[in-house]
Amino acid sequence: MPRDLLTQALSHALTQAQNAGDLPKSAAVEVELQIPRDPRHGDFSSSLAMALASETGRPAREIAETIVRHLDLPADIASSVGIAGPGFINFLLSPVWLRGVVRTALEEGEDYGRSNTGQGKRLLLEFVSANPTGPVAVVQGRAAAIGDALARLFERTGWAVSREYYVNDATNSTQVQRFAETLEARYLQQLGKEAPVPEDGYQGDYVVEMAEQLVAAEGDTYLSMSHEQRLAALSEYCLKEIVSGQQHDMAAFGINFDTWFMESSLHEDDQVSKAVETLKSAGHAYEADDALWLKATDFGDDQDHVLVRRDGRPTYLAADIAYHKNKFDRGFDRLIDIWGPDHQGHVRRTKAGVRALGYDPSRFEILIHQWVRLFRGAEMVRMSKRAGDIVPLSGLIEDVGSDAARFFFLMQSMESHLDFDLELAKKQAADNPVYYVQYAHARICSILREAEERGVSLPNIADVNLDRLEHADELTLIRKLADLPYEVSQAASRYEPHRMTRYARELASTFHGFYTNCRVLSDDADLTAARLALVQAALTALRIALNIIGVSAPEKM
RNA sequence: GCGCCCGUAGCUCAGUUGGAUAGAGCGCGGGGUUGCGGACCCCGAGGCCACAGGUUCAAGUCCUGUCGGGCGUACCA
């Protein structure tokens, strides 16, 4: 990447200047490049001289001149190096170097922009993990879109990624029991019995529908059982039904999990109790009020938390700690969890538990995404499963389609609330930014089809005279193509998948501008060949960006 | 009360780890095609970046406080 080459050259120039005595040897100054807001300032810019100015007390412009004098740039990379403003060192990439990007993109194809920062190390990405007490909701769709995009970003940066969905199917958990009691009531109601839904039960209509299906499938089989037997049978039944429903929801959204990890498997193998024992013997857990507590305050939390309840049942936290131990024990080098905003309070205690077990906290990251607020027109729709008014992801996909849903989920950073107006998303299908990007892709495909129909064969890149690419819109498009590798690496390392959505829109916009001003297929055979190469490179970059955000790239629309 | 996130154009949001004159989409006003897809392109209007201090050569960005919104604050998950 040119950024790296220029950064290295600047660092080197600084050292040279210092060794030559032209600049004082000061404390470590980080050499970094920015992209100027105003393109007239060049492709890259460094404020290195200003940072040094305040340390050395010498004028920034003078320092900049000294550094530039010692600068030894790789051949052909920059067509100009300038000093501007208060002391910026600006670089303008040369057309020669830019044209090389087209060649690189075509030669590397779908691999363009890949890097190997992960060095093949194993990364476990856990996301969605909706409770098995209902269908996957819209807010979890956001987690799904974020998680899958991050997974693809990490795959592109050299990590061996596993996608995992954690199923809280422990039948003795409070939520599962509560759900089973609700289902029991609805089931009995279906059969004409008087049975109130528990006050803290699940109010959503989908439980009624489940009861209807249950009666249709199994009739009154459960009627003659005792309350306890019936609860056990029903919770087993509904866990199976709901999990398979969630698996169906994820498949419909194009998310393929490598593993659906069952919490129950932790309990069956005594992994939870063993983890608790380990904490206890290490002195990180203590008895109080007839319960067992994790001494989380020793590991950065502001309060301690119960691991084993007074009645002897382990808490969710205990299972979660055992679960993360299990992840590490499976040999993963790095763990990333993506959680919903309602789990924010659990971050510190879970990290504390993992640290208490002796694992390196830098290998474990929990990302919190914010809510999706659904609107029907001006009316906001609440989405708590426990409150009952759940909006399933499957409904959203039916309404606006998987592509639009994924694109919208990734249009803004995960820590921002997302307003999703269902009516607008349906009504304005034509104005939807996802179509704008897909249209650019279809347009390029159309050009390539047209070329074929006219008997213009696609050029072999080795035979193309790329020097014919000199129009401003051509070079602007190439600059955008050149950004892809950096965008991918940044989006991955900073957990910012929405950057790829922004990139895709910018790339599409840049392409549309090029298309308006530069005719691809013309009588000029050399120019046609060069532009066909450019257009194919743009196609490659668009496909990569769309692939990362999980949106299809249609050849016709 | 405490913790996390948010507050930027009429609306929805970006803002490249603190850089030069704050951007995009939608909406609004005006223009553009005897051409490979007009689901496109170009121009314009529109901003005390919630407010007040502070740090810095430089603050939308960092720190402190205030105000407003969301969420959390269980021996639920």
Side-chain angles (χ1 to χ4, degrees), chain A residues 32-38 40-41 45-47 50-51 53-54 59-60 84-88 90 129-133 168 170 173-178 200 289-293 302-303 305-311 313-317 319-320 340-348 368-371 373 385-386 411-421 424 428-433 435-436 438-440 442-451 453-454 456 483 486-487 490 494 496 498-499 501-502 505-506 508-509 511-513 515-517 519-522 528 531 535 556-557:
Chain A
E32 275 178 354
L33 289 177
Q34 293 92 39
I35 297 170
R37 277 205 254 259
D38 188 338
R40 284 172 303 182
H41 293 130
S45 161
S46 170
S47 54
M50 278 111 81
S54 60
F88 290 102
N90 293 334
S129 300
N131 283 339
T133 53
N168 295 116
S173 91
T174 309
Q175 292 298 337
V176 170
Q177 285 177 359
R178 205 172 273 175
D200 53 1
D289 299 332
D290 300 323
L292 186 73
W293 295 71
D302 56 358
Q303 64 188 95
H305 301 277
V306 170
L307 288 169
V308 181
R309 298 178 178 99
R310 195 170 298 149
D311 64 10
R313 289 153 58 219
T315 58
Y316 177 80
L317 174 64
D320 221 14
D342 49 341
H343 286 65
Q344 175 266 123
H346 288 256
V347 172
R348 287 205 285 197
I368 299 282
H369 70 266
Q370 291 301 320
W371 289 107
R373 295 193 301 186
K385 264 190 257 189
R386 288 163 220 166
M411 271 205 303
Q412 50 193 265
S413 66
M414 69 176 96
E415 56 264 8
S416 265
H417 294 236
L418 174 63
D419 288 341
F420 205 127
D421 188 330
L424 199 69
Q428 288 203 327
D431 288 338
N432 197 321
Y435 294 119
Y436 180 81
Q438 288 179 322
Y439 182 66
R443 228 180 189 181
I444 296 174
C445 292
S446 171
I447 295 171
L448 299 179
R449 279 194 303 270
E450 179 69 18
E453 273 174 32
R454 294 187 190 183
V456 180
D483 287 343
Y486 179 71
E487 288 296 324
Q490 288 292 295
R494 298 171 59 160
E496 291 176 343
H498 72 281
R499 293 173 72 111
T501 316
R502 191 181 71 205
R505 295 172 76 174
E506 288 173 357
S509 171
F511 170 75
H512 287 313
Y515 177 89
T516 304
N517 295 323
R519 189 172 175 79
V520 177
L521 304 174
S522 69
T528 297
R531 285 183 171 169
V535 150
K556 289 181 182 176
M557 293 173 68

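Proteins come first, then strands; the chains are lettered A, B, ... in the order of their sequence lines, and each starts at number 1. Here the structure is a predicted model, which means the values were calculated and not measured. Side chains included, hydrogens not; waters and symmetry mates left out as well; all remaining heavy atoms used.
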- [ ] Using only heavy-atom distances, decide whether a donor-acceptor pair under 3.5 angstrom links the side-chain of A:Asn90 to the base of B:A20.
- [x] yes
- [ ] Can you sort out the partners of A:Asp419 under salt bridge (Lys or Arg N to Asp or Glu O under 4.0 Å), two or more places apart, ordered by chain and number?
- [x] A:Arg373
Task: Salt bridge A:Glu450-A:Arg454, side-chain N to carboxylate O under 4.0 Å - done: yes
TODO: Could you pick out which residue, A:Asn517 or A:Leu521, lies toward the 5' side of RNA chain B when each is mapped onto its nearest nucleotide?
DONE: A:Leu521
Open item on the list: With nearest nucleotide decided by heavy atoms, which residue, A:Asn168 or A:Pro341, maps closer to the 5′ end of RNA chain B?
Closed with: A:Pro341
Think [X] has a side-chain N or O under 4.0 angstrom from the OP1 or OP2 of [N]?
| X | N | answer |
| --- | --- | --- |
| A:Ser47 | B:G19 | no |
| A:Ser413 | B:A14 | yes |
| A:His498 | B:G15 | yes |
| A:Arg37 | B:A20 | yes |
| A:Thr528 | B:C36 | no |
| A:Arg348 | B:G72 | no |
| A:Tyr435 | B:G25 | no |
| A:Tyr436 | B:C26 | no |

- [ ] Determine the Euclidean distance between corresponding P atoms of B:G10 and B:A50; express it in Å to zero decimal places.
- [x] 13 Å
Task: Separation between the P atoms of B:G23 and B:C40, rounded to whole Å - done: 24 Å
Any idea which of [options] is nearest the [X] side chain?
| X | options | answer |
| --- | --- | --- |
| A:Lys556 | B:C6, B:G37, B:G72 | B:G37 |
| A:Tyr515 | B:A20, B:G15, B:G38 | B:G38 |
| A:Tyr486 | B:U12, B:U16, B:G15 | B:U16 |
| A:Arg443 | B:C13, B:C40, B:G19 | B:C40 |
| A:Gln34 | B:A20, B:G19, B:G38 | B:G19 |
| A:Tyr439 | B:C41, B:C40, B:G19 | B:C40 |
| A:Glu32 | B:A20, B:U17, B:C5 | B:U17 |
| A:Trp293 | B:C36, B:C5, B:C75 | B:C75 |
| A:His512 | B:G19, B:G70, B:C40 | B:C40 |

TODO: Give a yes or no answer on whether the side chain of A:Thr315 reaches the backbone of A:Leu307 with a donor-acceptor pair at less than 3.5 Å.
DONE: yes
Open item on the list: Quick test of the criterion, 5.5 Å between centres and less than 30° between planes. Is A:Phe88 stacked on B:A20 or not?
Closed with: yes
- [ ] Could you check whether A:His417 and the base of B:G70 form a stacked pair, meaning centres closer than 5.5 Å and planes differing by less than 30°?
- [x] no
Open item on the list: Please convert RNA chain B into dot-bracket. A pair counts if it is Watson-Crick or G-U wobble with both distances under 3.5 Å; crossing pairs go in [ ] and bases paired with another strand get |.
Closed with: (((((((..((((.....[...)))).(((((.......))))).....(((((..]....))))))))))))....
Open item on the list: Going by side chain to side chain contact (heavy atoms under 4.5 Å, CB included), name the residues that satisfy it together with A:Ser509, two or more places apart in sequence or in a different chain.
Closed with: A:Tyr436
